[in-house]
Asker: 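Mind having a look at this structure? Questions to follow.
Everything numeric in this text was worked out from a predicted model, so none of it was measured. Sequential numbering from 1 along the given sequence is applied to the chain's residues.
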Amino acid sequence: MHATEVDAESHAWLAASCMLAGADTIEHFRRSQIGLLAARTNPAVPRDSLRLINDWYNWLFAFDDAFCEGELMGSRASALARALPPMLEIVDCRRKPDPADPFGVALDELLHRISEYATPAQVDRWRITVKEYLFAQIWEAANREVDLIPAPDDYILMRRITGATFTCFALIDVGGGYRLEAEEWHHPDVRALSDLACDLIGWDNDLLSYAKERDRDKARHNLVTVLATHRSLTLQQALEEVARMHEAAITAFVARRAALEQWASQPVRRYVRGLENWVRGHIAFSLGSARYVHAWPPGTRWPHAD
């Protein structure tokens, strides 16, 4: 009940924000139940923190649809680049949003709400991840503009940023009511585990959203397509390669977590549990969300079926 109520409140906030275009889009977001993503990935946070996190996730999904995958800017890197400076200034508290810009208004509101829960250092950490995410959208738009499918190494690196997952990781301790110190956040073990969790989430998302993406954007920003194109694999072979990479990332995560246990403070251990919650919770959300429920090509065998 807790999560359902928060989802309803957050959806009402999103619908009133004017970030969504039209009744059909609003209804699609309602059926997507994005609040369940927040609840499944942050299962132990207080209700008010969950609502804040949920509103941020809704902003990200709305921005992704309007700017990153929309017809006006999704394949026009120059247009997207010109649209970003006001948002960057809002994130840095250097500009008040234009009242006619619903994304800027909502971003400004979210920044101030996060500041009520977070220390200045935590806010700055979140700011950095948001700015990295915004800049990374230009890279995706440039690829669409010239009909480019990125090389595997480039894609794996940029996928960690374009998915906005680090903006969500930056709120794990904020929502939980504790704090990672700067030296903990930047410790090699913590960074490696964050990268691996981001890879797992991104690759799971690529598998789950491939059916949706292949018709709309040729699934160019999808690990399945990237591997199939640059390694001359069939669709089934590419799926199986993603599965192998996924298993290797899990093995590396478990090994690095064991190394971290030798020195980690309680906040660090809580943060790592938060990463694990994100990996599990994202899958559970995606399998039940209207945003990702699509038919795969006939005869395709799910790579984890065995």
Side-chain angles (χ1 to χ4, degrees), residues 2-3 6 34-57 59-60 91 110-111 113-133 157 159-205 246 249-286:
H2 185 83
V6 169
I34 292 167
L36 297 185
L37 174 62
R40 290 184 182 277
T41 55
N42 300 270
V45 303
R47 189 186 194 282
D48 289 346
S49 296
L50 181 62
R51 169 64 197 281
L52 173 60
I53 291 169
N54 193 18
D55 286 355
W56 173 239
Y57 293 3
W59 189 94
L60 287 170
V91 169
L110 287 163
L111 169 62
R113 288 166 60 192
I114 289 170
S115 299
E116 293 176 1
Y117 287 87
T119 67
Q122 287 173 314
V123 174
D124 283 343
R125 189 181 67 199
W126 178 78
R127 281 194 179 107
I128 290 170
T129 62
V130 172
K131 287 188 283 187
E132 288 175 342
Y133 163 72
L157 173 66
R159 184 67 174 92
R160 295 172 180 167
I161 308 172
T162 58
T165 313
F166 276 117
T167 74
C168 303
F169 288 177
L171 297 178
I172 288 176
D173 60 338
V174 174
Y178 61 97
R179 181 181 67 187
L180 260 64
E181 300 296 341
E183 59 270 21
E184 294 174 327
W185 175 259
H186 294 289
H187 190 283
D189 288 341
V190 175
R191 301 316 304 155
L193 287 168
S194 297
D195 286 347
L196 287 165
C198 200
D199 289 342
L200 290 168
I201 293 161
W203 301 344
D204 282 335
N205 181 264
H246 193 278
I250 291 175
T251 300
F253 187 99
V254 171
R256 201 67 181 243
R257 184 181 59 192
L260 176 141
E261 289 291 336
Q262 303 302 312
W263 65 267
S265 65
Q266 185 61 24
V268 169
R269 289 187 172 91
R270 291 182 66 181
Y271 173 76
V272 173
R273 283 198 296 272
L275 296 178
E276 294 168 342
N277 288 335
W278 241 102
V279 173
R280 289 191 299 266
H282 168 261
I283 295 173
F285 161 75
S286 300

Asker: Measure the shortest side-chain to side-chain distance between W263 and D189 over non-hydrogen atoms and say whether it is less than 4.5 angstrom.
Answerer: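 SC-SC contact between W263 and D189 confirmed.
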Asker: Rounded to the nearest 0.5 Å, how far apart are CD1 of I161 and SG of C198?
Answerer: 8.5 Å
Asker: Testing V174, L111, V91, I128 for side chain to side chain contact (heavy atoms under 4.5 Å, CB included) with V123, which one passes?
Answerer: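 By the side chain to side chain contact (heavy atoms under 4.5 Å, CB included) criterion, V123 pairs with just one of V174, L111, V91, I128: L111.
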Asker: Less than 4.5 Å apart, any side-chain heavy atom of E116 and any of L52?
Answerer: no
Asker: For the residue pair A3 and L36, what are the closest heavy atoms and their distance?
Answerer: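 Smallest heavy-atom distance, with atoms named: CB-CD2, 4.2 Å.
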Asker: Nearest 0.5 Å, please: how far is CG in L200 from NE2 in H246?
Answerer: 4.5 Å
Asker: Evaluate whether atom CZ of R270 has more than 12 neighbouring non-hydrogen atoms of other residues, nucleotides or ligands under 6.0 angstrom away.
Answerer: yes
Asker: I'd like to know if the side chain of N54 reaches the main chain of L50, judged simply by a donor and an acceptor atom lying under 3.5 Å from each other, with no hydrogens or angles considered.
Answerer: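 No, N54 side chain to L50 backbone: no donor-acceptor pair under 3.5 Å.
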Asker: CD/E184 to CZ/R191 distance, rounded to the nearest 0.5 angstrom?
Answerer: 12.5 Å
Asker: Checking F285 against Y57 for the side chain to side chain contact (heavy atoms under 4.5 Å, CB included) test, could you report, in this order, the C-alpha distance in whole Å, the side-chain angles of both residues, the deciding distance, and whether it holds?
Answerer: CA-CA 13 Å; F285 161 75; Y57 293 3; over 6 Å; no
Asker: Using side-chain hydrogen bond (donor to acceptor under 3.5 Å, both in side chains) as the criterion, list what pairs up with R125, not counting sequence neighbours.
Answerer: D173
Asker: How long is the span from the CG atom in D204 to the CD1 atom in I201, to the nearest 0.5 Å?
Answerer: 8.0 Å
Asker: Contact between R113 and R51 at the side-chain level, heavy atoms closer than 4.5 Å - yes or no?
Answerer: yes
Asker: Which pair of heavy atoms, one from L275 and one from A197, lies closest together, and at what distance?
Answerer: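 Heavy atoms only, the tightest pair is CB-CB, 4.1 Å.
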Asker: Can you tell me how the ring of F169 sits relative to the ring of F166, calling it parallel under 30°, perpendicular over 60° and tilted otherwise?
Answerer: perpendicular
Asker: Which residues satisfy the salt bridge (charged side-chain N to carboxylate O under 4.0 Å, His left out) test with D124, sequence neighbours excluded?
Answerer: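 Salt bridge (charged side-chain N to carboxylate O under 4.0 Å, His left out) check on D124 returns R127.
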Asker: Do L60 and C168 have side chains that approach each other closer than 4.5 Å (heavy atoms only, starting at C-beta)?
Answerer: yes
Asker: Start with the C-alpha distance between D199 and R159, add both sets of side-chain angles, then the distance that settles side chain to side chain contact (heavy atoms under 4.5 Å, CB included), and finish with yes or no.
Answerer: CA-CA 8 Å; D199 289 342; R159 184 67 174 92; over 6 Å; no
Asker: Filter on salt bridge (charged side-chain N to carboxylate O under 4.0 Å, His left out), then keep only pairs touching residues 273-286, sequence neighbours left out; what's left?
Answerer: R257-E276
Asker: Kindly determine whether Y271 and L193 satisfy side chain to side chain contact (heavy atoms under 4.5 Å, CB included), including the steps that lead there.
Answerer: CA-CA 10 Å; Y271 173 76; L193 287 168; over 6 Å; no
Asker: So, are E261 and R269 salt-bridged, with charged N and O less than 4.0 Å apart?
Answerer: yes
Asker: Against T129, only a single residue in T165, T167, L171 fulfils side chain to side chain contact (heavy atoms under 4.5 Å, CB included); can you say which?
Answerer: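 Exactly one option meets the side chain to side chain contact (heavy atoms under 4.5 Å, CB included) with T129, and it is T167.
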Asker: Measure the CG-CG distance between L110 and D55 for me, rounded to the nearest 0.5 Å.
Answerer: 6.0 Å
Asker: Passes side chain to side chain contact (heavy atoms under 4.5 Å, CB included), I53 versus Y117? Steps please.
Answerer: CA-CA 11 Å; I53 291 169; Y117 287 87; over 6 Å; no
Asker: Give me the atom names and distance for the closest heavy-atom approach of R179 to P267.
Answerer: O-CB, 3.7 Å
Asker: Does any non-hydrogen side-chain atom of R40 lie less than 4.5 Å from one of W278?
Answerer: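 Result no, sub-4.5 Å side-chain heavy-atom pair not found.
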Asker: Any idea which heavy atoms bring N277 and T41 closest together, and the distance?
Answerer: CB-O, 3.6 Å
